[in-house]
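Data block below; observations after.
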Amino acid sequence: MLDLKLIRTNPDQVRTGLAKRGAEGLVDELLRLDRERRENLTKVEALKNKRNVVSKEVGRLKAAKVDATNLINEMKEVNEEIKRLDEVVRTLEEEINRILYTLPNLPQEDVPVGSDDQTNVEIRRWGTPRTFGFEPKPHWELGEELEILDFERGAKISGARFTVLKGLGARLERALVNFMLDLHINKHGYTEIFPPFLVNRDCMVGTGQLPKFEEDMFKVTTGDYYLIPTAEVPVTNLHREEILEAASLPKKYVAYTACFRAEAGSAGRDTRGLIRQHQFNKVELVKLTTPEDSYREHESLVHDAEEVLQLLNLPYRVMLLSSGDMGFSASKCYDLEVWLPSFGVYREISSCSNFEAFQARRANLRFRREPDAKPEFVHTLNGSGLAVGRTLAAIIENYQQADGSVAIPEVLVPYMGGITVIK
RNA sequence: GGAGAGAUGGCUGAGUGGUUGAAGGCGCCCGCCUCGAAAGCGGGUAGGGGUUUACGCCCCUCGCGAGUUCGAAUCUCGCUCUCUCCGCCA
């Protein structure tokens, strides 16, 4: 969430930033509520001070065996007024928070302004899409023919947007997870986390999924738990309500998890294949940094994710998302898009964002520069490294051969027990 | 699921209605002492909010939320979490 103090002291900056995202209009309302809250707060605190002072006096009088009935009666009236004003303040705070929790983050200065993906900017491109001497098939056709993807049975046992991986397909999925984890752990210096897949509501609010995007989340009916839509949620919230030492930053975590998304509003989109599933696997990178380091750490996080595609020899491009295409919590976001031959387009396979203090403020996630310094909010970042299901689809399509078999990328062969082709 | 015990500051640990936001100890920071260090001595060490040019002042917080009271860490009720034993379970 945004800093209420920034809104109070610099409303124009906030108005401008929100306008870039098409989310203006509530700043004046916030300023009014904030002013009203502080006025009432000052009043009620003065009364509470009076109550504290008089109560101590009552204690002294009673100890001295002096009658204090008048003071006690007076305080009963003061208490009524305190109760009333407390309620007023509480209501105002609720309204303020209700608005704050639904306002998106402000874009960084260098984020292109635009309303959708048409204004995204291509930053760089890696690799050349292969030319096929035959008509390349989509991954779902290849997968079914090779009996490594079973969409029918996925639909039978669960429903639409669920897929069963079988045999070497399941093996390849597992190989990808292990390959990505090993790369980020051993070469890039991330610490592996294996978190719960169900989290409480506070975590979902902390990273920004709630309260605004409830309909996109799966919620269990027993207990107050949500299925994680990404490992970003449990991993970013690992240190919520904590004050970290500056020396322990940046914290770099990598986590493999399943991800669960309701995909409300996506009806009819990407209905075939592995691209848009209710459940998919992802290896996620998360960083907690000081504010001054977060921009550099963002760039290096993108490179860490890119290296997965490079080692798999999959052509991709890096897009800088425009203000209107970024996620709710992000201040700046790069997407990695992998080449999918059957679509003839680049498709998102990773999203790498810097959230600055937006999530940290929600999750009360702070650090201290020096032992006796004031706590400050950290900056949080994350990115897919990568979405495993989409990577699997990209490999099947890019590595297909004329006879319908699929070659295994060289770096994965050790993870496949020496197998070099699925046929 | 049943029975019991517990939750206090960075840690440990007192505190059963009245200057207790909290004794003592440990840790940490500053100073004295020392050639230097240790020991010793003195002082300082929570977070949030409001107000103020500032110094400062005020409010809230002893797991969380209600309640009793002029006054609650302390009494009452509800909840959460942790631990022990039993049951069940992968």
Side-chain angles (χ1 to χ4, degrees), chain A residues 1-9 30-101 194-206 219-226 234 237-249 251 258 357-378:
Chain A
M1 86 185 128
L2 301 177
D3 183 2
L4 186 56
K5 279 185 189 149
L6 176 71
I7 296 172
R8 192 186 298 156
T9 55
L30 273 175
L31 289 174
R32 183 182 65 76
L33 292 168
D34 178 50
R35 201 179 321 116
E36 213 175 313
R37 170 184 167 269
R38 281 181 294 142
E39 280 166 10
N40 283 284
L41 193 60
T42 306
K43 280 189 219 162
V44 74
E45 286 188 351
L47 291 178
K48 284 180 178 176
N49 177 241
K50 182 172 184 182
R51 178 175 69 186
N52 289 341
V53 170
V54 171
S55 290
K56 280 172 186 169
E57 179 62 19
V58 169
R60 271 191 289 270
L61 292 177
K62 288 211 167 185
K65 306 267 193 243
V66 178
D67 178 66
T69 312
N70 286 344
L71 284 179
I72 289 173
N73 287 335
E74 187 189 343
M75 279 311 100
K76 283 182 178 172
E77 283 171 36
V78 169
N79 274 335
E80 288 304 308
E81 184 65 2
I82 288 175
K83 208 169 179 179
R84 189 184 70 80
L85 287 172
D86 264 344
E87 182 61 20
V88 170
V89 171
R90 195 185 61 80
T91 305
L92 286 165
E93 276 173 358
E94 268 177 18
E95 275 186 73
I96 289 167
N97 281 327
R98 189 173 50 75
I99 295 172
L100 278 181
Y101 275 124
F194 189 74
F197 292 2
L198 276 76
V199 296
N200 59 38
R201 189 184 165 81
D202 286 345
C203 289
M204 297 289 271
V205 172
K219 186 178 191 312
V220 299
T221 55
T222 309
D224 192 19
Y225 301 116
Y226 291 82
N237 279 285
L238 271 184
H239 297 288
R240 63 174 299 123
E241 324 275 336
E242 291 184 29
I243 302 174
L244 304 167
E245 290 175 31
S248 73
L249 302 178
K251 289 201 179 289
F358 188 86
Q359 294 180 326
R361 199 170 284 115
R362 290 172 162 243
N364 199 19
L365 175 33
R366 295 172 293 174
F367 79 103
R368 218 190 287 274
R369 289 183 190 278
E370 302 293 336
D372 51 357
K374 273 273 179 198
E376 299 172 49
F377 291 112
V378 301

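A note on names: the letters A, B, ... follow the listed sequences, proteins ahead of strands, and every chain is numbered from 1.
Nucleotides A7(B) and G15(B) place their C1' atoms 15 Å apart, quoted to the nearest Å. Across the P atoms, A39(B) and C55(B) are found 36 Å apart, a figure rounded to whole Å. For the P atoms, the distance linking G63(B) with C11(B) amounts to 13 Å, nearest Å. Taking atom P in both A22(B) and C59(B), one finds a spacing of 13 Å when rounded to whole Å. Distance noted for atom C1' between C62(B) and A72(B): 11 Å (whole Å). Atom name P, nucleotides G36(B) and G27(B): the rounded distance is 23 Å, in whole Å. Of the C1' atoms belonging to G47(B) and G43(B), the separation is 23 Å, rounded to the nearest Å. G44(B) and G6(B) are spaced 35 Å apart, taking the P atom of each and rounding to whole Å.
G65(B) atom C1' lies 15 Å from atom CG of Asp86(A), rounded to whole Å. Computed from coordinates, the Glu242(A) CD to G10(B) P distance equals 12 Å when rounded to whole Å. What separates CG of Leu47(A) from C1' of G50(B) is a distance of 14 Å, to the nearest Å. Following rounding to the nearest Å, Glu241(A) (CD) and G10(B) (P) show an atom-to-atom distance of 14 Å. Summarising the geometry, the separation between CZ on Arg369(A) and P on C28(B) is reported as 24 Å, rounded to the nearest angstrom. The CD atom of Glu80(A) sits 11 Å away from the P atom of U69(B) (whole-angstrom rounding). For the pair Asp224(A) CG and C81(B) C1', the interatomic distance rounds to 15 Å; values are reported in whole Å. For the pair Glu93(A) CD and U61(B) C1', the computed distance is 14 Å after rounding to whole Å.
Atom CG of Leu4(A) and atom CD of Glu93(A) lie 10.0 Å apart (nearest 0.5 Å). For the atom pair CG of Leu92(A) and CZ of Arg32(A), the computed distance is 8.0 Å after rounding to the nearest 0.5 Å.
In terms of heavy-atom proximity, Ile82(A) sits nearest to Val44(A) at O-CG2, 3.8 Å. When all heavy atoms of Phe367(A) and Phe377(A) are compared, the closest pair comes out as CE2-O, 3.6 Å. Here the closest non-hydrogen pair linking Arg366(A) and Pro375(A) is CD-CB, 4.0 Å. The shortest non-hydrogen separation linking Asp202(A) to Asn237(A) is O-OD1, 4.4 Å. Here the shortest heavy-atom pairing between His239(A) and Lys251(A) reads NE2-CD, 3.4 Å. Shortest non-hydrogen contact noted between Leu100(A) and Met1(A) is O-CB, 3.8 Å.
Although no hydrogens or angles enter the test, the distance criterion places no donor-acceptor pair under 3.5 Å between the side chain of Asp34(A) and the main chain of Arg37(A).
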Q: Sugar-phosphate atoms are those with a prime plus P, OP1 and OP2; base atoms are the rest. Using that split, label each nucleotide of nucleotides 18-23 of chain B B, S or - for protein heavy atoms under 4.0 Å, 5' to 3'.
A: B-----

Q: Begin with the C-alpha distance, continue with both residues' side-chain angles, and end with the deciding distance and a verdict on side-chain contact (heavy atoms from CB on, under 4.5 Å) for Glu36(A) and Asn40(A).
A: CA-CA 6 Å; Glu36(A) 213 175 313; Asn40(A) 283 284; 4.1 Å; yes

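In this structure, Arg90(A) reaches neither bases nor backbone, as no heavy-atom distance under 4.0 Å exists between it and the strands shown.
Side-chain nitrogen and oxygen atoms of Asn52(A) include at least one within less than 4.0 Å of the OP1 or OP2 phosphate oxygen of C60(B).
Scored by the side chain to side chain contact (heavy atoms under 4.5 Å, CB included) test, Glu94(A) finds Arg90(A) as partners (sequence neighbours excluded). Shown here are the side chain to side chain donor-acceptor pair (under 3.5 Å) partners of Arg361(A), two or more places apart in sequence or in another chain: there are none. The side chain to side chain contact (heavy atoms under 4.5 Å, CB included) check on Asp67(A) picks up Thr69(A), with sequence neighbours excluded. Evaluation of the side chain to side chain contact (heavy atoms under 4.5 Å, CB included) rule for Asn49(A) yields Val53(A) as partners, not counting sequence neighbours. Take Tyr225(A) and apply the ring-ring contact (aromatic ring centres under 6.0 Å, His included) test, not counting sequence neighbours, and it matches no residue.
Glu39(A) is not listed as a side-chain neighbour of Val88(A), based on a closest heavy-atom distance of 4.5 Å or more. Looking at Lys50(A) and Glu74(A), their side chains come closer than 4.5 Å, going by heavy atoms from C-beta outward. Considering only heavy atoms from C-beta on, Leu31(A) comes within 4.5 Å of Ile7(A) through its side chain.
Comment: Glu87(A) does not engage Arg84(A) in a salt bridge, judged by the lack of any side-chain N to carboxylate O separation of less than 4.0 angstrom. Contact check on Arg8(A) versus Asp3(A) returns no salt bridge, with no Lys/Arg side-chain nitrogen under 4.0 Å from an Asp/Glu carboxylate oxygen. With respect to the salt-bridge test (charged N to carboxylate O, under 4.0 angstrom), the residues Glu45(A) and Lys48(A) do not qualify.
Within residues 35-44 of chain A, the residues having any heavy atom under 4.0 Å from RNA chain B are, by residue number, Arg37(A), Arg38(A), Leu41(A), Thr42(A). Residues of residues 195-202 of chain A having a heavy atom closer than 4.0 Å to RNA chain B: none are found. Near RNA chain B, meaning a heavy atom under 4.0 Å from it, residues 66-79 of chain A has Ile72(A), Met75(A), Lys76(A), Asn79(A) in order of number.
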Q: Fill in the dot-bracket string of RNA chain B, one character per base: . for unpaired, | for a pair to another strand, ( ) or [ ] for pairs within the strand, taking Watson-Crick or G-U pairs under 3.5 Å.
A: ((((((((.[[[..)..(.....]]]((((((.......))))))((((((....)))))).[[[[[..)....]]]]])))))))....

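Atom CD of Glu245(A) sits in a sparse spot, with 12 or fewer heavy atoms from other residues, nucleotides or ligands closer than 6.0 Å.
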Between the protein and nucleotides 52-55 of chain B, which nitrogen or oxygen pairs come in under 3.5 angstrom?
none

Between the protein and nucleotides 45-48 of chain B, list every N/O to N/O distance that falls short of 3.5 Å.
residue: G47(B); atom: OP1; partner: Arg368(A); partner atom: NH1; Å: 3.0
residue: G47(B); atom: O3'; partner: Arg366(A); partner atom: NH1; Å: 3.0
residue: G48(B); atom: OP1; partner: Arg366(A); partner atom: NH1; Å: 3.1
residue: G48(B); atom: OP2; partner: Lys374(A); partner atom: NZ; Å: 3.3

